[in-house]
S.K.: 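Take a look at this one; I'll ask things after.
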Amino acid sequence: MPPGSVAEALRVQDKLRPLVDLAGPGPTAPATVAGLDVAYAESGDRLAAAVTVLDARTLAVVDSAVTVGRPAFDYVPGLFAFRELPALLDALDRLTVRPDLLVCDGHGLAHPRRFGLACHLGVVTGLPAIGVGKTPLVGEWDEPGPRRGGWSPLRDGGEVVGRVLRTRDGVKPVFVSVGHRMSLANAADRVLALTPRYRLPETTRTADRLCRDVLAAASG
DNA sequence: GCGACAG
DNA sequence: ATCTTGTCGC
């Protein structure tokens with residue numbers, strides 16, 4: 001069951017944070033990679049969580065699952081995972097295959113307490129996981145090189161918590177961080193392998209499309 | 001005290 | 001997250 005208060009959510013993070021596996025490097029040639037994303041109704045009281053599993057080599061979708069439900073927690077920066085986690089886990093349970101890597105829409109270690117959504121999902125599922133955020137939550141960085149592959153370290157409190165990575169020439173960079181059972185360098189490599197054409201990973205894009213479609217269909 | 005603040 | 005008009009570029 002979801003936490004009933006901010007204080008309780010913080011205690012949950014404190015308890016789970018030590019379980020994050022930072023040994024890495026994690027799979028460098030995964031067979032399948034999963035993307036997870038959530039779409040919200042305008043009213044904000046309903047959501048659809050989607051997981052798509054892609055063949056890591058062809059990027060074709062080989063499995064997927066969706067769940068319609070309600071946000072499990074108010075949106076609080078730093079406690080974002082509690083909002084979407086139940087629905088995402090429900091969707092993951094409906095998959096027929098076990099993906100080799102989870103690519104989450106949000107941060108992993110690039111979090112005020114080093115336990116963002118990607119860490120949380122990784123610990124709970126036991127699967128290797130990384131976070132790919134579109135905007136920063138914590139940290140400082142220098143502008144990465146302008147071409148695809150350019151990157152710079154994301155630093156916070158004296159430590160490197162992620163990488164600011166340019167996935168396409170001339171586009172805004174994304175924020176990559178480790179979630180669970182992955183090294184940062186491998187995480188960045190996996191993201192580049194998932195962005196042959198667009199700024200965001202194909203995993204994120206396919207999951208985004210799926211949950212939006214389902215939400216629209218469920219709305220009428 | 002004030003601003004910042006994943007999605 | 002979601003709403004929202006026009007605009008630039010392939």
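Only this structure's heavy atoms are used, side chains among them; waters, hydrogens and symmetry mates stay out. Chain letters run A, B, ... following the sequence lines, proteins first and then strands; every chain starts at 1.
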S.K.: Side-chain heavy atoms under 4.5 angstrom apart, residues restricted to Ile, Leu, Val, Met, Phe, Trp, Tyr: same cluster for A:Leu22 and A:Val161?
M.R.: no
S.K.: Is a side-chain donor or acceptor of A:Arg148 paired with a backbone partner of A:Asp169 at a separation under 3.5 angstrom?
M.R.: no
S.K.: Please give, in whole Å, the distance from C:dA1 P to A:Tyr40 OH?
M.R.: 9 Å
S.K.: Just checking A:Gly78: base, sugar-phosphate only, or nothing, at a heavy-atom cut-off of under 4.0 Å?
M.R.: base
S.K.: Expressed in angstrom and rounded to an integer, what is the separation of A:Phe73 atom CZ from C:dA1 atom C1'?
M.R.: 17 Å
S.K.: Atom CZ of A:Arg46 and atom P of C:dA1: how far apart are they, to the nearest Å?
M.R.: 17 Å
S.K.: Give one of base, sugar-phosphate or nothing for A:Pro112, where a contact means two heavy atoms less than 4.0 Å apart.
M.R.: nothing
S.K.: Heavy atoms under 4.0 Å, any strand shown: does A:Ala41 hit a base, just sugar-phosphate, or nothing?
M.R.: nothing
S.K.: Figure out the CG/P separation between A:Leu102 and B:dA6, and round it to whole Å.
M.R.: 22 Å
S.K.: How close or far is atom C1' of B:dA6 from atom CD of A:Gln13, stated in whole angstroms?
M.R.: 12 Å
S.K.: Using atom types as modelled and distance alone, determine if a side-chain donor or acceptor of A:Thr203 lies under 3.5 Å from a backbone N or O of A:Ala34.
M.R.: no
S.K.: For A:Thr135 and B:dC5, is the shortest distance between a side-chain N/O and OP1 or OP2 below 4.0 Å?
M.R.: no
S.K.: What is the distance, rounded to the nearest whole Å, between atom CZ of A:Arg113 and atom C1' of B:dA6?
M.R.: 12 Å
S.K.: Ignoring hydrogens and geometry, is there a side-chain-to-backbone donor-acceptor pair from A:Arg199 to A:Lys134 under 3.5 Å?
M.R.: yes
S.K.: Is the backbone N or O of A:Trp141 less than 3.5 Å from a side-chain atom of A:Ser152, with the two atoms forming a donor-acceptor pair by type?
M.R.: no
S.K.: Test your reading of the model: is there a side-chain donor-acceptor pair from A:Asp63 to the backbone of A:Val53, 3.5 Å cut-off?
M.R.: no
S.K.: Indicate whether OP1 or OP2 belonging to C:dA1 is found under 4.0 Å from a side-chain N or O atom of A:Tyr75.
M.R.: no
S.K.: Grab the CZ-C1' distance between A:Arg83 and B:dG7 for me, whole Å please.
M.R.: 8 Å
S.K.: Just to be sure I understand the geometry, which residues of residues 137-175 of chain A put a non-hydrogen atom under 4.0 Å away from DNA chain B?
M.R.: A:Leu137
S.K.: Just to be sure I understand the rule, does A:Leu117 reach a base, reach only the sugar-phosphate, or reach nothing, if contact means heavy atoms closer than 4.0 Å?
M.R.: base
S.K.: Could you please spell out the steps behind the salt bridge (charged side-chain N to carboxylate O under 4.0 Å, His left out) verdict for A:Arg11 and A:Glu8?
M.R.: CA-CA 5 Å; A:Arg11 283 195 293 274; A:Glu8 189 181 341; 5.0 Å; no
S.K.: If only side-chain N and O atoms of A:Lys134 are considered, is one of them under 4.0 Å from the OP1 or OP2 phosphate oxygen of B:dA6?
M.R.: no
S.K.: Please answer: with hydrophobic residues joined when any side-chain heavy atoms are less than 4.5 Å apart, are A:Leu102 and A:Val124 in the same cluster?
M.R.: yes
S.K.: Apart from A:Leu137 itself, what residues make up its hydrophobic cluster when side-chain heavy atoms of I, L, V, M, F, W and Y under 4.5 Å apart count as a link, directly or indirectly?
M.R.: A:Val138
S.K.: Classify every nucleotide of nucleotides 3-10 of chain C by which part a protein heavy atom approaches to under 4.0 Å, writing B for the base, S for the sugar-phosphate alone and - for neither, in 5'-to-3' order.
M.R.: --------
S.K.: Indicate, with a heavy-atom threshold strictly under 4.0 Å, whether A:Leu79 touches base, sugar-phosphate, or nothing.
M.R.: base
S.K.: Is a donor from one side chain sitting under 3.5 angstrom from an acceptor on the other, for A:Thr167 and A:Thr195?
M.R.: no
